[in-house]
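Here is the structure we will look at.
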Amino acid sequence: MPPVAAGAYLIDALFRLGPVRADVNGTRGVDWTELDAFARLTRAISEPWEAEALHAMCDAYALEADEGADTLREPPFPGSWWV
């Protein structure tokens, strides 16, 4: 991942929370109830915009994880072919 200065704590929260959950259709981002419990118990995030951002990050992670399973898919950004 590229280095991130501002907001790095949100990336840390993303991976502490675990961005994806398995369900009958494959994987999905976390539910709001899971995110709310994480925020209350860890106090890693406290502002509504942080919850919105973290929820969107989980959804994006789940989408890319599903699409990344396709070995013929183009990389999501230039230079990521070596990852």
Side-chain angles (χ1 to χ4, degrees):
M1 292 189 51
V4 177
Y9 71 99
L10 287 174
I11 294 172
D12 180 54
L14 174 77
F15 290 109
R16 286 178 56 203
L17 172 61
V20 295
R21 303 293 185 265
D23 66 10
V24 295
N25 297 321
T27 57
R28 60 170 176 78
V30 298
D31 289 329
W32 282 106
T33 54
E34 296 166 317
L35 184 58
D36 179 54
F38 173 80
R40 282 185 292 108
L41 293 171
T42 65
R43 296 188 180 123
I45 61 171
S46 59
E47 299 296 321
W49 72 266
E50 294 171 318
E52 293 276 350
L54 191 53
H55 190 266
M57 291 165 65
C58 290
D59 283 345
Y61 189 97
L63 177 65
E64 285 299 317
D66 283 344
E67 290 187 13
D70 180 4
T71 57
L72 299 177
R73 178 178 181 260
E74 290 289 322
F77 59 89
S80 66
W81 57 268
W82 53 270
V83 176

What distance do [X] atom [atom1] and [Y] atom [atom2] have between them, rounded to the nearest 0.5 Å?
X   : Y   : atom1 : atom2 : answer
R40 : L35 : CZ    : CG    : 10.5 Å
H55 : D36 : NE2   : CG    : 11.5 Å
W49 : L54 : CH2   : CG    : 10.5 Å
M57 : F15 : CE    : CZ    : 7.5 Å

Report summary line: Shortest non-hydrogen pair, C58 vs P19, comes out as CB-O, 3.5 Å
Report task. Looking only at non-hydrogen atoms, find the nearest pair between A62 and R28 and report the distance. Result -> CB-C, 3.6 Å
Query raised in the report: Within the side chain of E64, is there an N or O that forms a donor-acceptor pair under 3.5 Å with the backbone of A60?
Result: no
Query raised in the report: So if you build clusters from Ile, Leu, Val, Met, Phe, Trp, Tyr with side-chain heavy-atom gaps below 4.5 Å, do W32 and L41 land together?
Result: no
Report task. Establish whether L14 and L63 are linked, either directly or via other cluster members, by ILVMFWY side-chain heavy-atom contacts under 4.5 Å. Result -> no
Query - side chain to side chain contact (heavy atoms under 4.5 Å, CB included) partners of A39, counting only residues at least two apart - result: I45
Query raised in the report: Which residue, T27, V20, V30, forms the side chain to side chain contact (heavy atoms under 4.5 Å, CB included) with Y61?
Result: V20
